[in-house]
Amino acid sequence: EIFNTEKAIRDTRNQINLNLTQHEQFEIGLLEKLGQLEQQVIDARENLRLIDTKLDTRKVIYSPFNGIVTELDIRQGNWVQKDQPVVTIEQAGKELELYAYFQASSGKKLAPGMKVDVAPTSVEQSLYGSILGRVDSVSELVETRDGLMAIFGNAELVNQLMAQGAPIQAIISLQKDSSTFSGFKWSSSKGPRFKITAGSMASAAVSIEEKKPVDFVIPLFKAWEPGG
């Protein structure tokens, strides 16, 4: 009788220890599961933050510099494609300059300091003449399509510039004149009564060589014919 009772006590204690072990393992399993769920919540929140950031950057376009918007290239509500121009911004504190493109054969003749007549397409040249300028720099290599796209972001314009082959780029500074409305010096007048803004199109005529009028006179002895 006593033996059976002692055995029952041992069995009960073993069962209690087994139950405690199982309970501890169950608690450990719950803690591990809870840790996994917490990590999933952290990951989900991070993914949500990244999505919000992408949405913000796609909704809002930030300019890389301060300036004034001079032209809106799209209408509100229109879809915008990748690399499509949205606005034209005139950079604050930066002087207006002309990016001119010439065929490679002509561009190789250009040099810094050469005089330039710049005729904006928005100005009637017969009335106002052209803006006086000078060549500041000339690219040593021809421009690539990708390079032009990075500057203008306009495939149609780039196609026009590349129509006769890869061009040479010249940067032209415009002479200032505080007495004119536009702020630039004109060849034959005070210029028009409106501003010339960034994004304006223009043609450029560069003076490759200047000679005195006497240099164009044909010496008389060269004009004589044999026997004359």
Side-chain angles (χ1 to χ4, degrees), residues 63 65 67-75 78 84-139 142-143 145 147-213 215-216:
S63 171
F65 50 78
I68 300 173
V69 175
T70 59
E71 181 181 350
L72 293 175
D73 298 321
I74 62 170
R75 293 182 179 180
N78 287 358
Q84 179 182 351
V86 177
V87 297
T88 300
I89 300 177
E90 184 175 345
Q91 186 172 352
K94 185 175 182 181
E95 299 290 346
L96 198 63
E97 56 190 10
L98 177 69
Y99 281 65
Y101 295 88
F102 301 85
Q103 293 183 29
S105 56
S106 300
K108 292 298 184 181
K109 300 176 183 178
L110 303 180
M114 288 182 172
K115 295 181 180 180
V116 186
D117 288 328
V118 177
T121 55
S122 59
V123 176
E124 191 170 349
Q125 190 174 8
S126 60
L127 290 178
Y128 302 108
S130 53
I131 301 174
L132 302 182
R134 285 189 181 276
V135 176
D136 270 355
S137 63
V138 182
S139 61
V142 295
E143 296 295 310
R145 183 177 298 274
L148 293 174
M149 280 297 298
I151 296 173
F152 298 105
N154 186 318
E156 183 177 354
L157 176 58
V158 171
N159 288 337
Q160 293 178 10
L161 295 174
M162 297 287 291
Q164 297 182 357
I168 293 287
Q169 180 195 77
I171 299 179
I172 298 169
S173 60
L174 308 177
Q175 291 188 34
K176 292 296 192 71
D177 186 346
S178 59
S179 67
T180 66
F181 187 87
S182 64
F184 300 113
K185 186 174 182 61
W186 295 78
S187 60
S188 59
S189 71
K190 290 292 185 179
R193 296 288 298 176
F194 57 82
K195 295 289 186 180
I196 307 298
T197 59
S200 300
M201 300 293 290
S203 60
V206 181
S207 298
I208 301 297
E209 183 179 5
E210 292 186 353
K211 292 184 177 181
K212 298 178 182 179
D215 292 336
F216 292 96

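In this chain, numbering begins with 1 at the start of the sequence shown. The figures here come from the full heavy-atom set of this structure, side chains too, leaving out hydrogens, waters and symmetry mates.
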Could you tell me if the side chain of [Y] sits less than 4.5 Å from the side chain of [X], heavy atoms only?
| X | Y | value |
| --- | --- | --- |
| V116 | I131 | no |
| M114 | S207 | no |
| K115 | V206 | no |

Per-pair distances, 0.1 Å, donor-acceptor, side chain in residues 97-110, under 3.5 Å, sequence neighbours excluded:
unit_1	atom_1	unit_2	atom_2	d
Y101	OH	Q169	NE2	2.8
Q103	NE2	Q164	OE1	2.2
K108	NZ	E140	O	3.0

- line: The complete set of side-chain hydrogen bond (donor to acceptor under 3.5 Å, both in side chains) pairs with one or both residues in residues 186-195, sequence neighbours excluded, reads S179-K190, S182-W186
message: Taking side-chain hydrogen bond (donor to acceptor under 3.5 Å, both in side chains) as the cut-off, I'd like each qualifying pair that reaches into residues 117-131, sequence neighbours left out, listed once.
response: E124-S126
- prompt: Is a side-chain donor or acceptor of T180 paired with a backbone partner of G183 at a separation under 3.5 angstrom?
  reply: yes
message: Tell me if a side-chain donor or acceptor on R134 pairs with a main-chain N or O of G113 at a distance below 3.5 Å.
response: yes
message: Rounded to the nearest 0.5 Å, what separates atom NZ in K185 from atom CG in L132?
response: 6.5 Å
task: Step by step, work out the side chain to side chain contact (heavy atoms under 4.5 Å, CB included) result for L96 and F184.
output: CA-CA 10 Å; L96 198 63; F184 300 113; 3.9 Å; yes
field: Heavy-atom pair of closest approach, residues V158 and R145
entry: CG1-CG, 3.8 Å
message: Restricting to non-hydrogen atoms, name the atom on K176 and the atom on E95 that form the minimum distance, rounded to 0.1 Å.
response: NZ-OE1, 2.6 Å
